[in-house]
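To start, the structure under review is shown below, and the notes come after it.
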Amino acid sequence: MEKEQYQQLEQNVTPKPPYLKNVAKAFFVGGFICAIGQAVSLFYIIFFNFTEATAGNPTVATVVFFSMILTGLGLYKRIGQFAGAGSAVPVTGFGNAVVSAAIEHRSEGLVLGVGGNLFKLAGSVVLFGVVSAFFVALIKYILVTIGVVSW
Amino acid sequence: MVILFQTKPSLLAGGVVAGPLENRSVFSQYFDSVYDDERWQMKTNEQGHRKMIEEACEYAMKKMGVQKGDIDYLMGGDLVNQMTPTNFAARDLEIPFIGLFSACATSVSSVIIACLLTELGAANFSLAGASSQHNAIERQFRYPINYGAQKPQTAQWTVTAAGYALIGKHREEYPSIEAATIGKSVDYGMDDPFHMGAAMAPAAFQTIQSHLQQRNQKIYHYDLILTGDLGQLGLKLLKGMLVENGVKNEELTLLRDAGAEFYGQDEAFQSGASGAGCSAAVFFSYVIQQMRAGSYKRVLLVATGALLSPLSYQQGETIPCTAHAIEITMK
């Protein structure tokens with residue numbers, strides 16, 4: 001059998017990913033995680049002296065903490081298998097990427113193992129996050145300077 | 001070229017040890033031991049991996065009442081970098097040893113080498129086999145165990161198991177190896193490491209075709225042709241290729257795959273099982289026992305291996321695969 005013919009056969013046999021089902025699951029789980037984030041945010045605003053603008057940092061820290069606990073208990077990977085992007089894209093997915101790498105590399109010691117591999121998966125999120133934040137800020141700075149928008 | 005063994009070395013015994021999750025395998029009743037701790041009470045997964053290999057070898061030796069001093073050669077491998085689990089097990093077993101890497105096809109490539117050594121008269125007894133430990137292999141090839149990435153339906157689950165066979169000179173009351181085919185490295189342009197069955201099926205196809213042609217056999221000359229770890233989709237693809245090549249549908253029932261059957265119909269394992277320990281565990285427990293019980297007279301075992309690394313995948317290379325076959329008969 002020729003390669004092209006085999007690739008045709010492979011296309012026919014391989015089931016198509018259930019895109020619609022995956023999108024729906026990601027939408028609801030992702031939305032649920034964000035609703036929890038919103039609740040945490042309101043908690044900080046109502047019970048502590050945070051404003052909508054300043055509640056972001058403690059909220060992120062709190063939900064990342066939740067995801068770290070779930071990762072440590074081995075539950076986050078199960079949520080991930082069900083929800084796909086729904087649990088990978090929110091900031092909880094970032095916490096999961098960091099902690100799972102830390103657990104994995106604990107056997108190689110704290111410095112070379114945990115330290116060296118902590119951002120193995122999350123490193124590119126940090127890098128491209130910072131780079132894109134820089135460019136967004138730069139664009140806004142230019143727009144403010146020429147008077148299109150204000151800070 | 002097919003290798004014909006004039007002296008027909010025998011598979012005297014098999015030792016198979018598996019992890020806790022493998023309790024869910026349809027083959028678990030044939031295993032010698034299913035351990036309830038995936039690390040074998042060692043500190044790391046890799047140490048547990050080594051321990052599992054040692055125990056599998058010990059079971060195989062114990063069944064024939066031989067000591068490690070009686071074993072002339074140890075042939076085996078695993079999927080961890082530089083194969084440290086097998087190398088370290090060899091250190092503790094103190095048997096002359098060559099580590100072999102044919103990825104998940106090592107279960108059969110090691111048996112072929114052991115048979116050649118037996119045929120040559122260089123070995124009275126040798127141990128041959130392969131193993132994989134889920135956690136140690138996943139971190140090697142994919143993501144950390146607790147990382148929440150979604151696996152597609154085409155993915156397969158690396159088993160935790162070690163299977164080793166004790167090979168010796170021909171004895172009539174044991175399954176014996178008549179012939180073997182060493183597979184080529186075959187690449188049909190598949191590049192998805194979460195769809196290994198599709199990458200490996202052409203290799204299995206070529207090895208089976210070549211073996212049957214050289215031996216002047218048809219599929220129906222066998223009671224069973226069992227591939228290693230194609231998974232449900234890979235097996236479908238292999239059958240599809242055979243049908244294209246003129247094999248009749250009724251013959252296809254003789255074709256089975258250890259990986260596709262390993263965890264039954266459990267959807268949590270997607271397309272089925274994989275890993276060097278998958279074929280080794282099934283071949284050296286279920287198959288040997290069924291042959292000794294007289295259920296099968298002639299069996300072709302085809303272990304399949306994907307010869308990729310995480311590096312080669314990230315560099316955009318396609319996945320070459322191999323398949324090695326042994327023809328086993330029972331009087």
Side-chain angles (χ1 to χ4, degrees), chain A residues 1-18 21-22 25-26 29 67-68 70-90 92-109 113 117-118 120-122, chain B residues 39 42-48 135-136 138-140 142-155 157 186-192 194-195 197-203 205-206 209 230-246 267-271 318:
Chain A
M1 188 182 267
E2 296 303 312
K3 276 183 193 179
E4 291 72 27
Q5 211 184 339
Y6 179 71
Q7 278 159 9
Q8 192 59 47
L9 177 69
E10 189 262 332
Q11 292 289 314
N12 294 341
V13 167
T14 308
K16 295 278 160 289
K21 205 168 111 192
N22 284 352
K25 287 197 284 192
V29 176
S67 94
M68 288 178 166
L70 289 172
T71 304
L73 294 172
L75 294 173
Y76 206 89
K77 63 178 175 205
R78 294 191 188 181
I79 301 171
Q81 180 59 39
F82 176 79
S87 61
V89 173
T92 48
F94 180 82
N96 168 248
V98 171
V99 174
S100 63
I103 296 170
E104 190 88 359
H105 292 280
R106 181 64 188 88
S107 65
E108 296 103 273
N117 293 288
L118 196 67
K120 192 168 84 168
L121 293 167
Chain B
R39 286 188 188 164
M42 307 300 277
K43 261 170 67 184
T44 65
N45 289 312
E46 288 74 13
Q47 286 173 353
N135 294 356
E138 282 297 304
R139 77 181 286 185
Q140 176 80 57
R142 297 185 185 96
Y143 300 117
I145 293 299
N146 277 300
Y147 181 57
Q150 192 175 39
K151 283 187 182 172
Q153 282 164 290
T154 52
W157 184 274
V186 178
D187 192 338
Y188 268 48
M190 297 290 120
D191 57 3
D192 183 356
F194 284 109
H195 196 359
M200 294 192 290
F205 171 75
Q206 284 201 5
Q209 284 293 96
L230 294 177
Q232 282 149 24
L233 292 170
L235 180 62
K236 247 188 213 174
L237 286 164
L238 171 62
K239 287 181 174 177
M241 291 181 95
L242 288 167
V243 167
E244 284 280 328
N245 234 41
E267 278 180 22
F269 299 99
Q270 277 91 13
S271 188
T318 53

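Below, each value reflects all heavy atoms present in this structure, side chains not excepted, and no hydrogens, waters or symmetry copies.
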Side chain to side chain, B:E138 and A:E104, heavy atoms closer than 4.5 Å: no
Around atom CZ of B:R142, are there more than 12 heavy atoms of other residues, nucleotides or ligands at under 6.0 Å? yes
Looking at chain B, which one of A:T71, A:N12, A:N117 has the largest number of heavy-atom pairs inside 4.5 Å, strictly under? A:T71
Below 4.5 Å from any heavy atom of chain B, which atoms of A:E2 appear? Answer side chain, backbone, both or neither. backbone
With no hydrogens and no angle check, is any side-chain donor or acceptor of B:Q150 less than 3.5 Å from a backbone partner on A:A85? no
Quick one: of B:N45, B:D187, B:L233, B:I145, who has the most non-hydrogen atom pairs under 4.5 Å with chain A? B:I145
Could you check whether A:E108 pairs with B:R139 (Lys NZ or Arg NE/NH1/NH2 to Asp/Glu carboxylate O, under 4.0 Å)? yes
Verify the neighbour count for atom NZ of B:K239: are there more than 12 heavy atoms of other residues, nucleotides or ligands below 6.0 Å? yes
Does A:Y6 reach the main-chain N or O of B:L237 with its side chain, forming a donor-acceptor pair under 3.5 Å? no
Answer yes or no: is there a donor N or O on one side and an acceptor on the other, between the side chain of B:K43 and the main chain of A:S107, under 3.5 Å? no
Non-hydrogen atoms of chain A under 4.5 Å away: do they reach the side chain of B:A149, the backbone, both or neither? backbone
One should read off an interatomic distance between A:E10 CD and B:H195 NE2, to the nearest 0.5 angstrom, of 4.0 Å
Do the side chain of A:N96 and the main chain of B:N146 share a donor and acceptor less than 3.5 angstrom apart? yes
Sub-4.5 Å side-chain heavy-atom contact between A:P18 and B:Q153: yes
So if I apply the side-chain contact (heavy atoms from CB on, under 4.5 Å) rule between B:P144 and each of A:I103, A:L121, A:V99, which one comes out positive? A:L121
Rounded at 0.5 Å granularity, tell me how far NZ in A:K3 sits from OG1 in B:T318. 7.0 Å
Most heavy-atom pairs under 4.5 angstrom with chain A, which of B:P202, B:A268, B:G240, B:A201? B:P202
